[in-house]
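Accompanying notes for the structure given below.
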Amino acid sequence: MHSDNEMLRMRREKLDTLADMNISAYPARSARTHTIDNLLANEDAYIAGEERVIIAGRLNSKRRMGKAGFANLRDAGGVIQLFIRKNDVGNDAYELFKLLDLGDFVQAEGTCFHTRTGEYSVKVEKLVLLSKSLRMLPTVKEQVLEDGTVKRFDEFADIELRYRKRYLDLLLNPERRRTFEVRAQFISAIRRFLDERGFLEVETPVLQSLYGGANARPFVTHHHTLDTDFFLRIATELYLKRLVIGGIERVYEMGKNFRNEGMDRTHNPEFTLLEVYQAYADYNDIMELTEEMIRMAAQAIFGEERLTFQGEVIELAGPWRRASMLELIQEHAGYDASHFDADRLRAFYKQHELEPPAHAGPGKLIEELFAHFCEPKLVQPTFVTDFPREVSPLAKRREDDDRFVERFELYIAGYECANAFSELNDPIDQRTRLEAQAALRDLGDLEANVVDEDFLEAMEYGMPPTGGLGIGIDRMVMLFTDNVSIKEVILFPQMKREG
RNA sequence: GGGCCUGUAACUCAGUGGUAGAGUAUCUGCCUUUUAAGCAGAGAGCCGAUGGUUCGAAUCCAUCCAGGCUCGCCA
């Protein structure tokens, strides 16, 4: 009887056996002197020096033959083989070795040597149990092929299990850790870049009594003492602008935002967003900042200004292309939308058998055309400029043509990576635009902005001309790690409750 | 939300109406330089869930749950 429950029972019985042998299954201390990557990196020295080493880690595989055996031990830095002979370790330790299961943490003391077949190993003289594993790890065997690549058998590959039990994913697919290392490196490169340029990192409220700064439905939660509902922020924008008004000329926040929308390959309900504001800058300055920042991150992580995504080489060396939305629609749809006539735009939709969005004016219709015809084509980094004012309630209008605003989005590999504008700082215009959004809301657009009187009041005190930027960190990490699913770059992505 | 696909042992998967299978893992025995160790044997499953059709269902039908791809929605 070796069902799942029986497995657990058998391992619990081993705990009793260990107790009878006076062996603690969960000792408080270990005495590691060397990490495995250290041993691997200095093979010749350890073999020649016959130095005693104490390593610790998780038992990865075990091959026992009568009165001797081999096992693989893994710690954070690598795997090394242990060789254990009854003659060397004594009867009790060898009995312990026989009781060990895959997944147990052990400490091994001994010297390094080469086996008969030439494998670099530790000849164990002392073996200590550090922590007993009660649950059987999935079986993954590896074979190192002649060309050095590792062939894996019965890989732990079930996507759902990998996300729900990420610890097993990291343990059984150790190369997965690289994704999260790159994520950390990317974030720290961005911080370094902004800090060096005098930007102040701040933290603003996650719980807000009004939400704004983006078009999205919020999560709602309840504060019991105040008996009030709060919204989880959908953007940090309105608070960061208050700080610019308060005299912090360069400010940024990198943090979780929450949007109550659909989940798919590129959307997780909670995601990490960077927002940056720079007083006395406009969207052209922000384009330069963005370009330098991303290029610098690539340099820090890859040592070169390019990356490969889904087989496409993305060239990050500048300057990146800048093209207006209308220009790109002309280029990819062969259509001149500069007339801004909603009826003619709808006719073009019909001609291409596309459904125009509800409640849409010409600006929205143009933006949707862009999304449909152009976004997937923008593989190399491209700043898309001159968005219709109608779809940009927080951006400053262009002085030469007020149908447009001073705004850009950055596209790389068909993904929207950044959104930025010369921020609106005219409080009267801002009120008009927020009220227009509120009107859309009354028409049933649940993602339209609400009017934030406190924010408007702050702006009435005066806000300098300011350039602002938002970057979806998760999507950038997808690019940098060659992943097409946001779930691969978030350690614990949102999943439905198991039914 | 629509379409397509998937769900069988701890892992990876066969099995399309007639007694639930394989390899690995596990357990027992042998084996003191193995390496996807080997040899011999054993155990292990509510076939995602619930209903239905049938003498009989992992298999056919319906509904539901979970996941993937895709379309729509979505800064």
Side-chain angles (χ1 to χ4, degrees), chain A residues 1-8 10-11 13-14 60-72 79 81-89 94 101-103 113-119 121 123 135-145 150-164 168 172 213-217 234-235 237 257 259-267 269 271 273 354-355 357-358 367-368 370-372 375 384 387 391-395 407 409-411 415-421 445-447 470-472 475 484-485 487 495-499:
Chain A
M1 300 270 283
H2 302 129
S3 65
D4 213 9
N5 286 334
E6 288 304 306
M7 292 293 182
L8 281 164
M10 287 191 317
R11 292 211 179 174
E13 282 172 3
K14 283 192 183 180
N60 211 15
S61 70
K62 187 176 152 186
R63 298 173 291 285
R64 203 175 67 79
M65 314 159 286
K67 298 179 184 62
F70 295 88
N72 289 358
V79 185
Q81 178 170 264
L82 305 179
F83 177 51
I84 298 173
R85 272 191 308 201
K86 195 171 181 175
N87 287 357
D88 296 333
V89 298
Y94 199 74
D101 294 302
L102 302 189
F113 78 117
H114 283 132
T115 64
R116 191 174 289 167
T117 54
E119 179 159 346
S121 309
K123 183 180 290 180
R135 205 175 272 275
M136 194 164 69
L137 287 169
T139 312
V140 176
K141 286 195 172 190
E142 291 177 346
Q143 182 180 24
V144 180
L145 302 176
V150 174
K151 185 178 180 186
R152 200 167 286 162
F153 298 84
D154 298 334
E155 184 170 12
F156 183 71
D158 184 290
I159 292 174
E160 185 178 351
L161 277 180
R162 284 186 38 234
Y163 297 154
R164 288 193 194 276
L168 292 180
L172 300 165
N215 295 334
R217 296 177 67 177
I234 59 172
E237 174 147 356
N257 285 260
R259 297 187 186 175
N260 208 337
E261 299 169 337
M263 296 153 56
D264 62 25
R265 244 181 31 249
T266 56
H267 295 81
F271 62 102
L273 191 62
L354 298 172
E355 186 66 34
E367 188 189 37
E368 290 292 315
F370 166 75
H372 182 264
E375 282 187 13
V384 180
F387 280 62
V391 296
S392 313
L394 299 161
R407 172 181 175 187
E409 284 186 350
L410 169 65
Y411 283 84
Y415 288 100
E416 181 199 327
C417 294
N419 184 18
F421 18 91
D445 184 350
L446 296 171
E447 288 158 7
I471 291 186
R475 290 192 191 171
V484 295
S485 169
K487 289 189 165 79
M495 304 287 279
K496 290 191 188 170
R497 274 180 57 186
E498 287 176 271

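Naming convention: chains lettered A, B, ... in sequence-line order (proteins, then strands); numbering from 1 in each chain.
Under the 3.5 Å distance criterion, the side-chain polar atoms of A:Arg152 are left unmatched by any main-chain donor or acceptor of A:Asp154. The backbone N or O of A:Arg217 sits nowhere less than 3.5 Å from a side-chain atom of A:Asn260 that would complete a donor-acceptor pair. In this structure, the side chain of A:Arg63 does not engage the main chain of A:Phe70 through any donor-acceptor pair within 3.5 Å. Between the side chain of A:Thr117 and the backbone N or O of A:Thr115, no donor-acceptor pair lies under 3.5 Å.
Here the side chain of A:Met495 is nearest to one of B:C31, B:G67, B:A25, namely B:G67. Considering only side-chain atoms of A:Lys487, the nucleotide from B:A25, B:G68, B:C31 that sits closest is B:G68. Relative to the side chain of A:Met7, the nucleotides B:U24, B:U32, B:U26 differ in distance, and B:U26 lies closest. Comparing atom distances between the A:Asp154 side chain and each of B:C11, B:C31, B:U26 picks out B:C11 as nearest.
The same atom, P, is picked in B:G67 and in B:A75; the two are 24 Å apart, to the nearest Å. If you take atom P in B:G72 and the same atom in B:A9, they sit 36 Å apart, rounded to whole Å. One C1' atom belongs to B:U8, the other to B:G48, and the distance between them is 10 Å to the nearest Å. As rounded to the nearest Å, B:C39 and B:U24 have P atoms that lie 8 Å from one another. To the nearest whole angstrom, the two C1' atoms, one in B:U33 and one in B:G21, are 37 Å apart. Rounded to whole Å, the C1' atom of B:G29 lies 33 Å from the corresponding atom of B:C47. Nucleotides B:A25 and B:C61 place their C1' atoms 37 Å apart, quoted to the nearest Å. Going from the P atom of B:A37 to that of B:A20 covers 33 Å, rounded to whole Å.
Using a 4.0 Å heavy-atom cutoff across all strands shown, A:Arg135 reaches no nucleic acid atom at all. Within the 4.0 angstrom heavy-atom criterion, only backbone atoms of the sugar-phosphate kind lie near A:Leu161; the bases stay farther away. Within the nucleic acid shown, A:Glu355 has no heavy atom closer than 4.0 Å to any nucleic acid atom. Counting non-hydrogen atoms under 4.0 angstrom, A:Arg164 reaches the backbone sugars and phosphates but no base. Note on A:Gly118: nothing from the nucleic acid sits closer than 4.0 angstrom, heavy atoms only. Residue A:Ala157 is in sugar-phosphate contact alone, with no base atom involved, counting any heavy-atom pair closer than 4.0 Å across all strands shown. Within 4.0 Å of A:Asp158, counting heavy atoms only, lie sugar-phosphate atoms of the nucleic acid but no base atom. Counting non-hydrogen atoms under 4.0 angstrom, A:Asp101 reaches the backbone sugars and phosphates but no base. Looking at heavy-atom distances under 4.0 Å, A:Lys62 makes no contact with the nucleic acid at all.
Between the side chain of A:Gln81 and the base of B:U34, a donor-acceptor pair under 3.5 Å is found. Scanning atom types as modelled, one donor and one acceptor separated by under 3.5 angstrom connect the side chain of A:Asn419 and the base of B:A75. Evaluation of atom-type donor-acceptor distances gives no pair under 3.5 Å for the side chain of A:Thr117 against the base of B:U33. One donor-acceptor pair, N or O on each side, does fall under 3.5 Å between the base of B:U34 and the side chain of A:Arg63. The base of B:U12 has none of its N or O atoms less than 3.5 Å from a complementary donor or acceptor on the side chain of A:Glu155.
Regarding contacts with the backbone of B:C65, every side-chain N or O of A:Lys496 stays at 4.0 angstrom or more from both OP1 and OP2. For B:U70, one of the phosphate oxygens OP1 or OP2 lies less than 4.0 angstrom from a side-chain nitrogen or oxygen of A:Arg265. Contact annotation: A:Lys67 does not reach the phosphate of B:C30 (side-chain N/O to OP1 or OP2, under 4.0 Å).
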(message) A:Phe83 vs A:Phe113, test: ring pair (Phe, Tyr, Trp, His ring centres under 6.0 Å). Steps then yes/no.
(response) CA-CA 9 Å; A:Phe83 177 51; A:Phe113 78 117; 5.8 Å; yes
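Of all nucleotides present, none satisfies the Watson-Crick or G-U wobble test against B:A20 with each distance under 3.5 Å. Remark: B:G1 base-pairs with B:C71; criterion is Watson-Crick or G-U wobble with both hydrogen-bond distances under 3.5 Å. Across all strands shown, B:C27 forms a Watson-Crick or G-U wobble pair with B:G41, both key distances being under 3.5 Å. Pair check for B:C60 finds B:G52; Watson-Crick or G-U wobble, both atom distances under 3.5 Å. Under the Watson-Crick or G-U wobble criterion, with both distances below 3.5 Å, B:U35 has no partner in any strand shown.
Taking atom OH of A:Tyr163 as the reference point, atom C1' of B:G68 lies 9 Å away to the nearest angstrom. Protein atom CE of A:Met136 is 10 Å distant from nucleotide atom C1' of B:U24, rounded to whole Å. Put simply, CD on A:Glu160 is 12 Å from P on B:U12, counting in whole angstrom units. As rounded to whole Å, 16 Å separates atom P of B:A36 from atom CG of A:Leu102. For A:Glu119 and B:A36, the CD to C1' distance is 13 Å, given to the nearest whole Å. Summarising the geometry, the separation between NE2 on A:His372 and P on B:G72 is reported as 7 Å, rounded to the nearest angstrom. One interatomic measurement links the two molecules: CD of A:Gln143 to P of B:U24, which rounds to 14 Å at whole-angstrom precision. Put simply, CD1 on A:Ile159 is 15 Å from P on B:U6, counting in whole angstrom units.
A 6.0 Å sphere centred on CZ of A:Arg135 holds no more than 12 heavy atoms belonging to other residues, nucleotides or ligands.
For the pair A:Lys123 and A:Asp88, the salt-bridge criterion is not met [side-chain N within less than 4.0 Å of a carboxylate O].
Remark: A:Arg407 qualifies as a cation-pi partner of A:Phe387 under the 6.0 Å distance and 45° angle criteria applied to the six-membered ring.
Along RNA chain B, the nucleotide nearest A:Glu409 and the nucleotide nearest A:Thr115 are compared for position; the residue whose nucleotide lies closer to the 5' end is A:Thr115.
In terms of heavy-atom proximity, A:Ile234 sits nearest to A:Arg259 at O-NH2, 2.7 Å.
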